[in-house]
Amino acid sequence: MKMMRVLLAAFLGASCMAGAYAQERPGAKSVNAIKAVRFGKLWDAKGKLWANAIVIVEGDRIRNVTTDGLAIPAGAETIDLSKYTGLPGLIDVHTHMTIYTDETPGEPMLKQLTANPPAIEVFLARKGALRTLEAGVKTVRDLGADQYMDIAMRDLINHGEMIGPRMFVCGYGLYVTNTPYKPGMNSPAGGVADGVPEVLKVVRQQIAAGADLIKMYASTGTDDDVTGFQTYNYEEIKAAVDAAHKFGKKIAIHSYGPDGARDAVRAGTDSLEHATDMDDATILEMVKRGTFYVPTIDHNRYYIDNGDKIGYAPGYKEKLQAFIPRNLETARKAHKAGVKFAMGSDAIYTMFGQNTRELGWFVKAGMTPEQALRTATTNAAELLGKEKELGAVAPGYFADLVAVEGDPLADIDVAIYKVKWVMKGGAVLVDKTKDRTR
Ligand SMILES: [Zn+2]
């Protein structure tokens, strides 16, 4: 109940700011275009930890970072966050923003998903988008939606009609023909492709529809189903990878198990999602090729915590509890070997707002808090191909800033649980700095 009230307050607050946000769209005129944001400390993701940093923001971009108060242009609006540590806006490279459900009592989340028409789903998803922002996440790579709801949501956000993280979307993920994996839950028809010609056709369809990247499901496994049987063969995966790259798009490949992972890496995928029990040769190949690994450990924890409300069949806890250590162990091996990681939550249902808990698992897998933060900033930006605009606090970058209370380089939980203030593209979208209840 308390949580509901906080969320409602945040939601109303953000709604009130919708007007201001709309005025600050790129190309639109803004009355007060220059802001100077003061941080006690600032981790800029460019290798520098600043003391008493001032970030000068002009429109939706960062003009410069300085410690010199005299550099603040006359008439700039000053925002004093000197009690806090500044971070770049965080990036979650694996979400399903349109697979949002609320907690309507007695209505299993799985059922809600099949009951709602797309327009309702997109409208409801704005709440998940706000919770995502509250976690400090300003950019997401959204990996699979039905009916191009993701494209609609991306465009509504870019036009300032909906408040949420900027989205990079894939339309339909590619699936092989299969039997329903849950009663009433068929793979979205638009993504079904069997054999190389159909794979090429479906890749082209997503790009024609406006997708930013391609997603392919190369194994079974989702929700409480932790099987990882390979579904696409090497030739089909290679066809999807090459077609995506030919169009200048990146590709994310889902594989719960090691076989699909091995073929996805050899075929040249840009990122590999989930991938448990990978063999050493595949891990080495990832290091050699620079393939990003997005292990999505924490969503299994979320499923354990919420399985009854979601509507999983009995036995899900045991299955997921046995899976998590394998997931973590694979991440540990990959990190030790030097694989590049990007933070992906696989947030669905009510998990939005918990997006960055994955960072806690990365520290458990052997990363320092700073290495973990890189997976959600510079690494994630590189995976998006936006390393010159996102994931750092530096001149020319989007003015995506987060203020946290404490030292996230000493304790990763600070970045996860102590987000107090959020700016996206120069607009302040979350401000809890005046909250008395902490
Ligand atoms: Zn996913």
Side-chain angles (χ1 to χ4, degrees), residues 91-101 109-110 113 121 125 128-129 132 137 139-146 149-150 153-154 165 167-176 178 181-182 185-188 190-191 206 211-229 231-232 240 250-257 260-261 264 269-276 292-303 306-307 310 312 320 323-324 327 330-331 341-358 361 375-376 380 383-384:
I91 303 168
D92 184 346
V93 302
H94 193 137
T95 61
H96 299 273
M97 298 298 292
T98 59
I99 309 185
Y100 169 87
T101 57
M109 297 182 202
L110 282 172
L113 279 189
E121 272 302 306
T132 303
V137 172
T139 302
V140 302
R141 190 178 66 147
D142 204 64
L143 292 187
D146 200 357
M149 288 188 274
D150 54 348
M153 197 170 167
R154 173 197 69 189
M167 293 173 66
F168 294 91
V169 306
C170 69
Y172 287 96
L174 275 74
Y175 291 90
V176 295
N178 58 8
Y181 59 92
K182 279 191 197 325
M185 297 272 291
N186 287 296
S187 303
Q206 305 324 302
D212 302 298
L213 72 145
I214 295 298
K215 165 80 178 285
M216 180 180 230
Y217 293 86
S219 87
T220 56
T222 182
D223 282 284
D224 57 337
D225 169 6
V226 291
T227 60
F229 302 115
T231 49
Y232 278 114
K250 300 207 180 190
I251 183 166
I253 299 185
H254 158 122
S255 178
Y256 264 54
T269 189
D270 297 287
S271 75
L272 181 61
E273 315 297 310
H274 320 299
T276 291
F292 280 96
Y293 181 32
V294 185
T296 69
I297 304 165
D298 189 58
H299 76 139
N300 298 304
R301 183 278 313 161
Y302 169 81
Y303 296 149
N306 295 276
I310 296 168
Y312 294 150
L320 290 161
F323 188 74
I324 289 175
N327 209 170
T330 311
F341 280 59
M343 185 203 75
S345 64
D346 209 356
I348 55 170
Y349 307 129
T350 57
M351 192 181 163
F352 301 97
Q354 302 177 23
N355 307 62
T356 55
R357 288 208 201 176
E358 185 74 2
W361 291 100
T375 69
L383 174 54
L384 288 169

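Indexing begins at 1, ligand by ligand and atom by atom, following the structure's order.
- Side-chain atoms of Y302 and T350 include a donor-acceptor pair closer than 3.5 Å.
- Between D212 and R154 a salt bridge is recorded (basic side-chain N to carboxylate O distance below 4.0 Å).
- With hydrogens and angles left out, the side-chain atoms of D346 and Y303 include no donor and acceptor closer than 3.5 Å.
- At a cut-off of 2.8 Å, H254 is not counted among the residues with an N, O or S atom near the Zn ion (ligand 1).
- Inclusion of D346 in the first shell of the Zn ion (ligand 1) is supported: an N, O or S atom falls under 2.8 Å.
- Counting backbone and side-chain atoms alike, H94 contributes an N/O/S atom closer than 2.8 Å to the Zn ion (ligand 1).
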Quiz item: Should T222 and Y256 be marked as a side-chain hydrogen bond (donor to acceptor under 3.5 Å, both in side chains) after you check the CA-CA gap, both sets of side-chain angles, and the distance that decides it?
Solution: CA-CA 8 Å; T222 182; Y256 264 54; 5.3 Å; no
